[in-house]
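Reckoned from all heavy atoms, side chains included, excluding hydrogens, waters and symmetry mates. By convention here, the first residue in the shown sequence is residue 1.
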Amino acid sequence: MQRETFYYNNQWTRNFLIATIAWGVIALLVGLTIALQLVFPDLNMDTSWFTFGRLRALHTNGAIFAFVGNSIFAGVYYSLPRLLKTPMASNLLSKIHFWGWQLIILAAVISLPMGLTSSKEYAELEWPIDIAIALIWVTFGVNMFWTIIKRRERHLYVAIWFYIATFVTVAMLHIVNSIEIPVSFMKSYSAFAGVQDALVQWWYGHNAVAFFLTTPVLGMMYYFVPKAANRPVYSYRLSIVHFWALIFLYIWAGPHHLLYTALPDWAQSLGTVFSIMLIFPSWGGMINGLLTLRGAWDKVRDSAVLKFFVVALTCYGMATLEGPLLSLRNINAIAHYTDWIPAHVHIGTLGWNGFMIFGVVYWLLPKLYQTSLYSEKLANTHFWIGTLGIIFWALPMYVAGFTQSLMWKEFNPDGTLVYGNFLETVTQIVPMYALRALGGTLYIIGMIVMVVNVVRTARSGKFLRTEEDSAVPFGKVFEKPRGEHWHRWIERRPVQLMVWSLVVVAIGGILEIVPTMMVKSNIPTIESVKPYTVLELEGRDIYIREGCNACHSQMIRPFRSEVARYGEYSKAGEFVYDHPFLWGSKRTGPDLHRIGGKYPHSWHYNHMLDPVSMSPGSIMPRYPWLFENTLDTQHTQKKLEVMAGLGVPYEQDYIDNYAFYMDQQSTAIADELREQIDDLEIKNDDEIVALIAYLQRLGVDIKAQGNELAEEN
């Protein structure tokens with residue numbers, strides 16, 4: 001059969017590669033900024049859009065969707081056409097995909113510092129941006145499958161399996177977790193409440209790591225590592241086991257983020273069991289990657305690309321062993337809510353994702369510009385500086401995590417907490433935060449070295465916009481070779497592969513999430529738990545806007561130390577009106593679930609105005625704008641209506657006359673503040689009043705139930 005000539009379009013690979021580098025530097029600079037803010041709180045600058053709570057979401061979204069996301073698309077747009085022996089199906093769809101994704105990132109850069117957030121970790125962007133993400137993701141998927149259909153290679157290589165599974169699973173995760181009811185153009189409430197919302201969020205959150213930060217990067221690993229080493233993949237059969245076992249098991253593991261919480265025990269146990277099983281396929285992938293270098297280890301000494309790949313695969317192995325171990329209850333009891341968790345996450349992000357990306361950049365760039373890398377020495381320098389950066393980032397955080405946990409749990413002989421003041425456990429680890437900032441600085445310096453190398457390489461060559469290739473198209477009639485492996489049947493059918501991938505990943509989600517929605521015994525109701533008042537609801541939205549849940553949890557676990565420190569442990573029924581949930585994943589400050597009534601209004605007022613005045617040594621930012629801003633009630637009635645539609649029992653009379661009830665409560669709080677603080681100038685509609693109303697509500701319902709029981713007895 002006659003060979004057909006065609007041309008690969010390298011334009012979009014180059015564009016995504018440039019975006020990867022540019023956004024990567026920005027995302028990591030934001031990360032360094034918030035790391036320094038924990039050492040030098042004055043760097044918050046008393047500016048609303050520059051505080052830790054708002055910038056943290058910008059950093060995580062930037063690192064995941066801008067840095068890693070653009071690199072994934074660069075890798076796919078380069079490897080997919082070459083594996084299929086056909087150019088990408090549509091230049092228009094590629095263009096829409098590229099510019100649409102950059103606009104989404106730009107929208108995040110603008111909206112998150114403004115406090116426009118849903119508060120759900122790794123999914124903080126509000127509903128219009130969520131819709132844009134879904135549309136652009138579908139655009140990418142259509143372009144990818146259209147290209148697959150036009151292929152000249154009958155069988156689909158292993159990298160493409162991972163790309164297909166990534167597309168269908170991320171679409172499922174994003175759509176389900178983003179089911180929210182709009183209140184205004186940039187404000188919404190999650191359709192799920194409390195325990196259900198937490199389960200859906202961490203089903204998404206854990207698998208965003210699995211299917212955005214892992215499976216597509218594994219696809220890139222299966223393409224670029226063999227190319228760089230000039231060796232075939234070690235084991236085809238291991239690739240099959242790795243792929244199917246990984247995508248099936250990963251989807252179940254989300255509940256391990258919620259051990260010892262109000263999540264039903266059966267869901268926690270499922271998360272633990274499947275997390276432990278994940279070690280095997282994960283390490284199968286690492287072994288497959290490292291053993292691909294058999295016979296080529298001598299090249300690692302001289303090749304910066306292979307050095308990056310080896311350390312990336314090693315970090316992948318470390319992170320995917322540590323993750324399942326953290327799902328064991330005895331280890332999770334130590335690690336959760338401490339800085340051990342960020343250390344674990346950044347081994348994956350900086351080591352696995354970052355170093356894989358750097359290796360791809362150094363391998364791909366000379367080919368795009370028809371030249372050799374400007375300086376192998378600079379690339380090796382980047383490798384060693386980046387490696388030191390990871391070490392200085394992670395090791396202090398592991399130490400900080402152990403320190404925090406041991407201090408939180410230590411008791412005196414008389415049964416009282418040794419460190420009853422939570423702040424003592426914070427000031428102890430500030431030096432570790434400083435070392436982390438040093439590690440981040442080193443990592444960024446390495447990236448700047450890479451930028452210099454990239455620019456010099458591009459200038460020394462000429463960009464190859466289109467690249468010629470030829471191949472023989474496969475015929476319509478196909479005879480199965482004798483002795484062919486059974487999996488080849490699946491590889492020849494991309495639509496079936498997509499459908500089976502979706503079925504495999506949907507099973508775990510359905511069996512975990514649906515029972516918590518349908519079986520009422522999973523969330524026992526508590527009679528004394530009432531909906532938030534209208535003022536408290538507005539205060540809660542301010543709390544979300546400022547990203548307070550980035551540092552404060554609202555989940556007291558049933559440990560002796562936590563009950564002694566905070567009060568009665570948290571119950572599932574306490575969160576039935578929480579849209580969204582605010583359990584948190586890290587404690588830089590104390591848990592707040594029982595903070596209501598613990599301090600007078602004046603304490604909260606002064607604490608938000610100047611935290612150090614109430615807690616000497618505090619690293620919490622100041623919030624002066626809360627005392628200057630007037631509470632915006634433009635959408636208050638709509639908020640109540642949306643909440644009522646979600647099942648929160650607000651009476652229509654309450655919704656219609658919300659202004660009266662709001663003024664009644666705000667007046668009482670403002671009057672009390674004037675009594676407690678001399679010469680205080682405060683208006684009833686200052687934002688700080690609403691925030692105080694919310695903070696004073698936390699935990700009081702369950703306390704009221706306890707008081708009623710005591711009176712009955």
Report, as yes or no, whether the 6.0 Å neighbourhood of atom [atom1] on [X] holds more than 12 heavy atoms from other residues, nucleotides or ligands.
{"X": "Arg459", "atom1": "CZ", "result": "no"}
{"X": "Asn230", "atom1": "CG", "result": "no"}
{"X": "Trp384", "atom1": "CH2", "result": "no"}
{"X": "Arg456", "atom1": "CZ", "result": "no"}
{"X": "Lys150", "atom1": "NZ", "result": "yes"}
{"X": "Phe185", "atom1": "CZ", "result": "no"}
{"X": "Trp500", "atom1": "CH2", "result": "no"}
{"X": "Arg301", "atom1": "CZ", "result": "no"}

Could you check whether any side-chain heavy atom of [X] comes within less than 4.5 Å of a side-chain heavy atom of [Y], counting everything from C-beta outward?
{"X": "Leu364", "Y": "Thr13", "value": "yes"}
{"X": "Val76", "Y": "Tyr223", "value": "no"}
{"X": "Phe248", "Y": "Pro281", "value": "no"}
{"X": "Glu467", "Y": "Arg82", "value": "yes"}
{"X": "Arg231", "Y": "Leu293", "value": "no"}
{"X": "His382", "Y": "Phe308", "value": "yes"}

When you look at Tyr204 and Tyr122, which way does the ring-ring contact (aromatic ring centres under 6.0 Å, His included) test go after all the steps?
-> CA-CA 9 Å; Tyr204 164 89; Tyr122 313 144; 7.5 Å; no
Closer than 3.5 angstrom, by distance alone: can the side chain of [X] be matched with the main-chain N or O of [Y] as a donor-acceptor pair?
{"X": "Asn10", "Y": "Thr466", "answer": "no"}
{"X": "Thr20", "Y": "Ser71", "answer": "yes"}
{"X": "His59", "Y": "Ala27", "answer": "yes"}
{"X": "Lys299", "Y": "Leu306", "answer": "no"}

Over all atoms of both residues, closest heavy-atom pair of [X] and [Y]:
{"X": "Ile64", "Y": "Leu213", "result": "CG2-CD2, 3.9 Å"}
{"X": "Val158", "Y": "Ser239", "result": "CG2-CB, 3.8 Å"}
{"X": "Phe145", "Y": "Pro494", "result": "CE2-O, 4.0 Å"}
{"X": "Ala458", "Y": "Tyr369", "result": "O-CD2, 3.6 Å"}
{"X": "Lys307", "Y": "Val300", "result": "NZ-O, 3.1 Å"}
{"X": "Asp130", "Y": "His174", "result": "O-NE2, 2.9 Å"}

Would [X] and [Y] count as having a side-chain donor-acceptor pair, cut-off 3.5 Å?
{"X": "Asn288", "Y": "Tyr222", "answer": "yes"}
{"X": "His206", "Y": "Tyr250", "answer": "no"}
{"X": "Thr5", "Y": "Ser470", "answer": "no"}
{"X": "Ser94", "Y": "Asn143", "answer": "yes"}
{"X": "Glu126", "Y": "Thr117", "answer": "no"}
{"X": "Asp469", "Y": "Tyr7", "answer": "no"}
{"X": "Gln102", "Y": "Asn15", "answer": "no"}

Ring-plane angle category for [X] and [Y], please: parallel below 30°, perpendicular beyond 60°, tilted otherwise.
{"X": "Trp202", "Y": "His257", "value": "parallel"}
{"X": "Phe355", "Y": "Tyr443", "value": "parallel"}
{"X": "Phe162", "Y": "His242", "value": "tilted"}
{"X": "His487", "Y": "Trp161", "value": "tilted"}
{"X": "Trp101", "Y": "Trp137", "value": "tilted"}

Aromatic contact, [X] with [Y] (centres under 6.0 Å):
{"X": "Phe212", "Y": "Phe65", "value": "yes"}
{"X": "Phe224", "Y": "Phe309", "value": "no"}
{"X": "Tyr234", "Y": "Tyr236", "value": "no"}
{"X": "His97", "Y": "Phe16", "value": "yes"}

Cation-pi, Trp99 ring and Lys95 (6.0 angstrom, 45 degrees) | no
Measuring from atom [atom1] of [X] to atom [atom2] of [Y], what distance do you get when rounded to the nearest 0.5 angstrom?
{"X": "Asn380", "Y": "Ser303", "atom1": "CG", "atom2": "OG", "answer": "8.0 Å"}
{"X": "Leu464", "Y": "Gln370", "atom1": "CG", "atom2": "CD", "answer": "4.5 Å"}
{"X": "Glu491", "Y": "Leu497", "atom1": "CD", "atom2": "CG", "answer": "8.5 Å"}
{"X": "Ile247", "Y": "Thr215", "atom1": "CD1", "atom2": "OG1", "answer": "8.5 Å"}
{"X": "Gln11", "Y": "Arg465", "atom1": "CD", "atom2": "CZ", "answer": "4.5 Å"}

Candidate pair Arg56 and Glu121, rule salt bridge (Lys or Arg N to Asp or Glu O under 4.0 Å), full reasoning | CA-CA 10 Å; Arg56 180 187 178 274; Glu121 202 152 1; 2.7 Å; yes
Give the intermediate values and the outcome of side-chain contact (heavy atoms from CB on, under 4.5 Å) for residues Tyr316 and Ser282.
-> CA-CA 8 Å; Tyr316 172 63; Ser282 298; 3.9 Å; yes
Stepwise, does the side-chain hydrogen bond (donor to acceptor under 3.5 Å, both in side chains) test hold for Tyr157 with Ser79?
-> CA-CA 10 Å; Tyr157 178 67; Ser79 62; over 6 Å; no
Indicate yes or no: does Arg54 engage Glu124 in a salt bridge with an N to O separation below 4.0 Å.
-> no
Salt bridge or not for Lys85 and Glu4, using N-O below 4.0 Å?
-> no
